Amino acid sequence: MRSSHLKGLAMVVLLVVLSLFVFMGCGGQKEESNDDIKYLIGMSQANLVEPWRVKMTEEIKEEAEKHDNLKVIFTDAAGNNAKQVKDVEELLTEGIDLLIISPNDSKALTPVVAKAYQNIPVIVLDRAVEGYDYTLYIGPDNNMIGRQAGAHVVELLKNKGGKVLEIQGLSGSPPVLGRSEGFREIIDKNSKIDLTASIYADWQSDIAEDKVNLLKDNLSGVSVIFAQNDHMAYGAYKAMTANGINGIKYVGIDGLEGENGGIDLVKKGILESTFRCPTGGKESIIYAIDILNQIKGIPKKIILKSSIITKDNADQFLNENKKTSKEHERNITPVLGYAIVGNESMWRSANTQSIKTAAAESGIELITVECESSQQKQIDAIRSFIKQKVDVIAFSPIVETGWDEVLKEAKSAGIPVICSDRSLRVKDDSLETTFIGSDFIEEGRRAARWLEGKFSDSSNVNIVELTGTVGSTPAIERGSGFLEVIGKNKKFNIIRSESADFLKVEGKKVMNDILNSESRKIDVVYSHNDDMAFGAIEAIEKHGLLPGKDIVIVSIDGVKSAFQLMMAGKLNCTVECNPLLGNQLMKAVNDYMNGKELPVKIITSEGVFPQESAKKEIVNRKY
Ligand code: AHR
């Protein structure tokens, strides 16, 4: 690195360290007596070299300053895993009430995060850790940012194609993997686009500048340089223009404010565009306070929204960010139109009840239409909500596809659409404002992992899979998550996989047919929901077999009846799928009405309940 850059960097680090020092109450007006402090939060930052991380830290500081009874202690791991582990250990000895960590490396930080989580809540920011030993994850969807950037590059090249240079961050880091995978997914579909080269510049502007400088002679004809952060895009720009190479379009990611931040670079015409990658700093404090105040319904994952910034919307973007929430506040009762899937399962009844109760409690006028498991009825309901000019539309799409038209109509009417419980696939991501629900893939994996443990000593395990409604997200994803884990072990064989539409009566019928026609021994029934398992249990008993003993049964949902059947020894395990989404949905509606940007995904917190836990857990079941 050049010495001028080193000096610049040293200044930035010094300023940040000084400002944090003041904030930590070590000098200046912010000092509070310990009696005033109700909550002490530790924030372990991976490094303070990347401007994006400096911004994250600033956001945390700004949001925390709004609360007199809150103190945040910051540490900087300077990009070193061992140092970050030590930082967390030290924060724990300081007696922090909650840890916020943005890990330097997912794997290396997993054990210390799990250790902290045994005693206090932990919020993981940006880079995830392995497993689920934390309270809440907040971060961007890097794959989606990559796809958005890819689609934009295709558009910049006017679909005619051309040469593209990609500059990636730090090799192997999760955002790099996600962004490049998403970017390639789009670019690779376009045979006229030539990804001429892809280089790593460790997120650093100087490294990008040096590497592009060295490579410049091989870059003739490159029309677009896509860098995985704005900082590197700027470095590339400096190298190219210093060599008299002009006319290239630079696309970056981050969209930070301030001089030479992404937005400024777009306004100056240096970058063609940038994709805002929210840091989650502000949200981490908002949720930390909710967690510390033991507010119910804290999700497990919050995936933040990213959007494109060009010269056309840069100012609007800056102004929007400056608005206080007061300016957005509205004094009307929001009207929410909700198209209920139907009444196919106990899970659905609990889900519908939760939505109705939460709406009444939060002063939201709720109009519901019961759609009797019909996609057409859901489409009609959405159209009727548009006619009634509701403020927000929400629904659980019965199947994943076929929504483009009606959601375009909602968008043209200026009505946001929230998907709750099930998600959908549309060509234009902006048709869906946010998703609130479960990680169905993980539910499938959890069922499979439980089976791996249960059958660790067996050499061959024959599985019957009862799948949910064909084409619905839970059926697709519970199937793929299950297969992802089970498929790695040859002793597990899915001998039959048939749909029973999430219905008890169908579960009984399908299982009965299978038992009549199947000559192979059935060791396991994996059911995509509890209701189908209840039906299967009746069919198994009718065949003179003992469910839970002769055939092991694992299902998904975790309704109260599943716990009763586990206590009776007829069901072996239920993987939770939380239907109590009402509070989170109403919060999203109110946040939207108050002008707050909604995350792109809000994923609920869920567990796994084997038979042995049923007696203890049944008293806690709310549905
Ligand atoms: O979409 C959630 C699923 O739908 C539940 O697991 C199932 O019971 C249902 O009806």
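When a ligand or atom number is given, it counts from 1 through the structure's own listing order. Every value quoted in this text rests on a predicted model; they were computed, and no experiment measured them.
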| task | Number the atoms of ligand 1 from 1 as they appear, then name those within less than 4.0 Å of a heavy atom of E344, with their elements. | result | 4 (O), 9 (C), 10 (O)
| note | Only residue of I436, L581, D421 satisfying side-chain contact (heavy atoms from CB on, under 4.5 Å) with S396 is D421
| task | Check ligand 1 against D557 and write out every atom of the ligand that is under 4.0 Å from a heavy-atom position of the residue. | result | 5 (C), 6 (O), 7 (C), 8 (O)
| Where is the nearest protein heavy atom to atom 4 (O) of ligand 1: which residue, which atom, and how far? | R422 NH2, 2.8 Å
| said: Check whether D141 reaches the backbone of N143 with its side chain - one donor and one acceptor, N or O, closer than 3.5 Å. | reply: yes
| remark: Note: ligand 1 atoms sitting under 4.0 Å from heavy atoms of S345 are 7 (C), 8 (O), 9 (C), 10 (O)
| Using 30° and 60° as the class limits, which term best fits the ring planes of Y132 and Y134: parallel, tilted or perpendicular? | parallel
| remark: Given the options H528, E465, E443, R478 meets side chain to side chain donor-acceptor pair (under 3.5 Å) only with E443
| message | Whether K408 and D404 form a salt bridge (side-chain N of Lys/Arg under 4.0 Å from carboxylate O of Asp/Glu) is what I want to check. | response | no
| query | Which protein heavy atom lies closest to atom 7 (C) of ligand 1, and at what distance to 0.1 Å? | reply | N529 ND2, 3.6 Å
| field | Contacting atoms of ligand 1, where contact means under 4.0 angstrom from a heavy atom of P474 | value | 1 (O)
| field | Part of R478 within contact of ligand 1 (heavy atoms, under 4.0 Å) | value | side chain
| task | Give the atoms of ligand 1, by number and element, whose distance to some non-hydrogen atom of D421 is under 4.0 Å. | result | 1 (O), 2 (C)
| task | Begin from the C-alpha positions of N351 and Y623 and carry the test side chain to side chain contact (heavy atoms under 4.5 Å, CB included) through to its verdict. | result | CA-CA 9 Å; N351 177 247; Y623 53 94; over 6 Å; no
